[in-house]
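Below: one structure, written as structure tokens.
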Amino acid sequence: MILLFLGTLLGIIFGPALFILVPYIRNYFAGAVCKSKAKLNGKVVLITGANTGIGKETARDLAKRGARVILACRDTAKGEVAACEIRAETGNQQVIMKKLDLADTKSIRQFAENFLAEEKELHILINNAGVMLYPYAKTADGFEMHLGVNHLGHFLLTFLLLERLKQSAPARIVNVSSLAHLMGRICFHDLQGEKFYQRGLAYCQSKVANVHFTQELARRLQGTGVTVNALHPGTVQSELTRYSSVVSLLWKMFSFFLKTPQEGAQTSIYCAVAEELESVTGQYFRGCSELSFASSPLQFQH
């Protein structure tokens with residue numbers, strides 16, 4: 001009875017204050033918004049995994065800015081639905097879906113070959129697609145799924161399109177990573193997880209690889225007019241958790257504190273269009289703000 005009385009009393013005292021504060025609390029977790037008004041008329045944008053989540057919202061925003069947006073998707077049915085939806089909403093008929101399976105290098109090479117034959121320019125490449133907490137499996141080429149899709153697939157795709165990006169300079173490469181890389185290691189002694197596999201650690205390893213890739217590619221592209229940056233989109237309500245029923249349940253329970261896909265896409269959009277980032281390269285962003293790599297150490301296990 002005492003606990004019930006105290007609970008009721010606290011509710012009476014603090015309830016109104018909490019009700020007033022709810023919008024402010026929600027805005028805090030929503031994070032920053034990309035304020036750039038940049039137009040992308042005549043620009044070609046390629047986004048992987050753009051049929052859902054932050055990839056789809058990024059595509060929607062860049063289509064509104066007038067870009068020719070190519071949605072590179074594994075699920076062609078969902079990809080076409082997303083493309084139709086974005087075309088209808090934005091009035092931009094230059095939103096196109098193309099088949100791309102990052103878990104199969106044959107698909108990646110075929111996609112790149114077709115892209116280079118059909119598109120004479122590429123101004124923005126957003127490596128957005130990914131898997132998280134995937135049960136142990138290997139790609140068509142024998143790579144552990146997280147490493148194969150999240151890193152190696154994008155590595156190959158970027159390499160195959162690199163000359164087109166250079167020819168189209170100024171151009172940008174945006175790698176969607178995660179602060180999960182802070183908990184990751186590159187385990188060269190067991191890179192494919194054949195000796196020991198833990199889904200969370202495999203995901204973190206792939207995110208560390210994203211960061212390494214960003215830094216080294218930025219160094220190699222100095223002077224070419226092509227910039228490369230990585231980002232953490234925040235904790236977002238998305239389909240990434242679909243391979244873990246426990247995490248999916250937690251995401252639903254705490255959805256109030258998570259970003260919506262539109263909110264989660266803001267840092268990707270910022271890195272893709274912000275005028276002040278035209279010459280910024282090799283950096284890491286969170287919430288439309290640059291973070292020091294000193295706070296995100298790159299780590300290995302030999």
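Quantities reported herein were computed from a predicted structural model and do not represent experimental measurements. For the single chain, residues carry numbers from 1 onward in sequence order.
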Nearest 0.5 angstrom please: [X] [atom1] to [Y] [atom2], how far?
{"X": "N229", "Y": "Y270", "atom1": "CG", "atom2": "OH", "result": "10.0 Å"}
{"X": "E85", "Y": "T90", "atom1": "CD", "atom2": "OG1", "result": "10.0 Å"}
{"X": "R219", "Y": "T214", "atom1": "CZ", "atom2": "OG1", "result": "14.0 Å"}
{"X": "L46", "Y": "F115", "atom1": "CG", "atom2": "CZ", "result": "5.5 Å"}
{"X": "D75", "Y": "L100", "atom1": "CG", "atom2": "CG", "result": "12.5 Å"}
{"X": "S268", "Y": "I54", "atom1": "OG", "atom2": "CD1", "result": "4.5 Å"}

Quick one: closest heavy-atom pair of [X] and [Y], and the distance?
{"X": "L116", "Y": "R164", "answer": "O-NH1, 3.2 Å"}
{"X": "P233", "Y": "G264", "answer": "CB-O, 3.5 Å"}
{"X": "C34", "Y": "R65", "answer": "SG-NH2, 4.2 Å"}
{"X": "A103", "Y": "D141", "answer": "O-OD2, 4.2 Å"}
{"X": "S206", "Y": "N150", "answer": "OG-ND2, 3.0 Å"}
{"X": "Q205", "Y": "C187", "answer": "OE1-N, 2.9 Å"}

Indicate whether the side chain of S107 and that of D101 have a donor and an acceptor atom separated by less than 3.5 Å.
no
Indicate whether any N or O donor in one side chain lies under 3.5 Å from an N or O acceptor in the other, for Y136 and E194.
no
Examine distances only and state if a side-chain atom of [X] and a backbone atom of [Y] form a donor-acceptor pair shorter than 3.5 Å.
{"X": "S168", "Y": "L122", "answer": "yes"}
{"X": "Q192", "Y": "E144", "answer": "yes"}
{"X": "H146", "Y": "L133", "answer": "yes"}
{"X": "N92", "Y": "K64", "answer": "no"}
{"X": "K99", "Y": "R74", "answer": "yes"}
{"X": "E57", "Y": "G53", "answer": "no"}
{"X": "N210", "Y": "S177", "answer": "no"}
{"X": "T48", "Y": "N127", "answer": "no"}
{"X": "R87", "Y": "V95", "answer": "yes"}
{"X": "T227", "Y": "S279", "answer": "no"}

Side chain to side chain donor-acceptor pair (under 3.5 Å) partners of E113, counting only residues at least two apart
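Side chain to side chain donor-acceptor pair (under 3.5 Å) list for E113, sorted by chain: empty.
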Please name all residues satisfying side chain to side chain donor-acceptor pair (under 3.5 Å) with K98, sequence neighbours left out, ordered by chain then number.
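In terms of side chain to side chain donor-acceptor pair (under 3.5 Å), with neighbours along the sequence ignored, K98 is linked to E118.
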Can you tell if the side chain of [X] reaches within under 4.5 Å of the side chain of [Y], non-hydrogen atoms only?
{"X": "F285", "Y": "V280", "value": "yes"}
{"X": "K56", "Y": "K78", "value": "no"}
{"X": "D104", "Y": "T139", "value": "no"}
{"X": "E119", "Y": "R68", "value": "yes"}
{"X": "N51", "Y": "L71", "value": "no"}
{"X": "K106", "Y": "Q110", "value": "no"}
{"X": "N175", "Y": "H154", "value": "no"}
{"X": "I173", "Y": "L221", "value": "yes"}

Taking 4.0 angstrom as the limit, do E89 and R60 come out as a salt bridge?
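Counted as a salt bridge, because a side-chain N and a carboxylate O are separated by less than 4.0 Å.
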Shared hydrophobic cluster, [X] / [Y] (ILVMFWY, side-chain heavy atoms < 4.5 Å):
{"X": "V81", "Y": "I86", "answer": "no"}
{"X": "Y197", "Y": "L147", "answer": "no"}
{"X": "L40", "Y": "I96", "answer": "no"}
{"X": "V131", "Y": "L156", "answer": "yes"}

Which is it for M97 and T76 under the side-chain contact (heavy atoms from CB on, under 4.5 Å) test, yes or no, and what are the steps along the way?
CA-CA 7 Å; M97 192 283 300; T76 55; 3.8 Å; yes
Members besides F196 in its Ile/Leu/Val/Met/Phe/Trp/Tyr cluster (side-chain heavy atoms under 4.5 Å):
L201
Looking at K120, I want to see if its NZ is surrounded by more than 12 non-hydrogen atoms of other residues, nucleotides or ligands under 6.0 Å.
yes
Evaluate side-chain contact (heavy atoms from CB on, under 4.5 Å) for L152 paired with L102, printing each intermediate quantity in order.
CA-CA 8 Å; L152 295 174; L102 289 164; over 6 Å; no
Checking Q283 against L277 for the side-chain contact (heavy atoms from CB on, under 4.5 Å) test, could you report, in this order, the C-alpha distance in whole Å, the side-chain angles of both residues, the deciding distance, and whether it holds?
CA-CA 10 Å; Q283 300 305 310; L277 301 186; over 6 Å; no
What is the ring orientation for F213 with H151, classed by angle as parallel under 30°, tilted 30 to 60°, or perpendicular over 60°?
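Plane angle over 60°, so perpendicular.
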